[in-house]
Number of protein chains: 2
Amino acid sequence: MTELSRFKADFFRALAHPLRIRIVDELRSGELTVQELGFRLGAEQSTVSRHLAVLRGRGILNARKEGQTVRYSAADATLFRLLDVARTMFNHQLSELQSTLADLKHGNSR
Amino acid sequence: MTELSRFKADFFRALAHPLRIRIVDELRSGELTVQELGFRLGAEQSTVSRHLAVLRGRGILNARKEGQTVRYSAADATLFRLLDVARTMFNHQLSELQSTLADLKHGNSR
DNA sequence: TTGCCATATTCACATATAAGAATATGGTAA
DNA sequence: TTACCATATTCTTATATGTGAATATGGCAA
């Protein structure tokens, strides 16, 4: 069971960077080259390439060589489901925060 | 949109450690004290406490003081759904790997 | 008060991760 | 061959994260 927890931790660490999250989000609509990603995200070529290597290394992305370019895509559409669940948690936290603020405003603190 | 990607990245980073994954898994069945977690996971008191602080700091866990102990629990059950989706991806990767190995065995490499 | 108990925090140090710049690789085109 | 082109890797340096040991905090118990 410790093996699975290590896998999950490594997997989450691969996603633990804003640029990598944005890369994955860009790939929702299909494959893109390193160049295209760099342009859309406004990031250095070497930076994008290294982050792509992290994601590919964890089996999160696939790379397909086509001529002199490489097209990256999500290896498993379940990834997007995962990000959607994360967004749900984000929304929950937001409403939590909102009601906490409302409580404070009405003096019902702690 | 960059704000959400930062939130997601921070959220995933909070989960990006085997011990923290195991902590969250232990909390599936309800709240536990720092001691209980330390015992179940075979980890140092200060180590457990610091990891709990990381998870609480991201709003992933709640802490409830009761007498001289503190009981930790998941702040949002959606968390478990997220971990289950991660397990699904793990299974997909495993079967992918399996068929790759089978292909190699039959000499259909690359 | 004094002494424990559960938890949190700090310390010292080691390892990991990040960035941009520079360079390497490998393939296509002239 | 020579010259690009897209991508990958390496280098240097900075910052973040991890650990166990030690110490601090805050409350209950004698």
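Residue numbering restarts at 1 for every chain, and letters A, B, ... go by the order of the sequence lines.
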**OP:** Using the salt bridge (Lys or Arg N to Asp or Glu O under 4.0 Å) rule, take A:R22 and A:D25 through it: C-alpha gap first, then chi angles, then the decisive distance, then the call.
**Re:** CA-CA 5 Å; A:R22 292 173 65 203; A:D25 273 333; over 6 Å; no
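- Classification of A:R81 and A:D84 as a salt-bridged pair fails, no side-chain N sitting under 4.0 Å from a carboxylate O.
- Aromatic ring orientation, A:F12 versus B:F12: parallel (interplanar angle below 30°, classes split at 30° and 60°).
- The pair B:R13-B:D10 meets the salt-bridge criterion, with a side-chain N (NZ, NE, NH1 or NH2) lying under 4.0 Å from an Asp/Glu carboxylate O.
- Two residues, A:R20 and A:K65, neighbour DNA chain C, and the one matched to the more 5' nucleotide by heavy-atom proximity is A:R20.
- Atom pair A:E66:CD and D:dA6:C1' shows a separation of 13 Å (rounding to whole Å applied).
- Note on A:L32 and A:V54: separate hydrophobic clusters, where clusters join Ile, Leu, Val, Met, Phe, Trp and Tyr whose side-chain heavy atoms are under 4.5 Å apart, directly or indirectly.
- Atom CD in A:Q45 sits about 15 Å away from atom C1' in D:dC4, given to the nearest Å.
- Within 4.0 Å of A:S49, counting heavy atoms only, lies at least one base atom of the nucleic acid.
- One interatomic measurement links the two molecules: CG of A:L52 to P of D:dT9, which rounds to 11 Å at whole-angstrom precision.
- Within the 4.0 Å cut-off from OP1 or OP2 of D:dG27, not a single side-chain nitrogen or oxygen of B:Q68 is found.
- A straight line from CZ of B:F12 to P of D:dT17 spans 17 Å, rounded to a whole angstrom.
- Within the structure, every side-chain polar atom (N or O) of B:R50 is placed at least 4.0 Å from both OP1 and OP2 of D:dT17.
- In summary, contact between chain B and DNA chain C, defined as any nucleotide atom under 4.0 Å from a heavy atom of the protein, begins and ends at C:dA6 to C:dT10 in the 5' to 3' direction.
- Atom CZ of A:F80 is surrounded by more than 12 heavy atoms from other residues, nucleotides or ligands within 6.0 Å.
- In terms of phosphate contacts, A:T69 brings no side-chain nitrogen or oxygen within less than 4.0 Å of OP1 or OP2 of D:dA6.
- Residues passing the side chain to side chain donor-acceptor pair (under 3.5 Å) test with A:E31 are A:R64, sequence neighbours excluded.
- Across all strands, B:R71 comes closer than 4.0 Å to no nucleic acid atom at all (heavy-atom distances).
- As rounded to whole Å, 15 Å separates atom C1' of D:dA6 from atom CD of A:E44.
- Straight-line distance from the CG atom of B:L41 to the P atom of D:dG20: 13 Å, rounded to whole Å.
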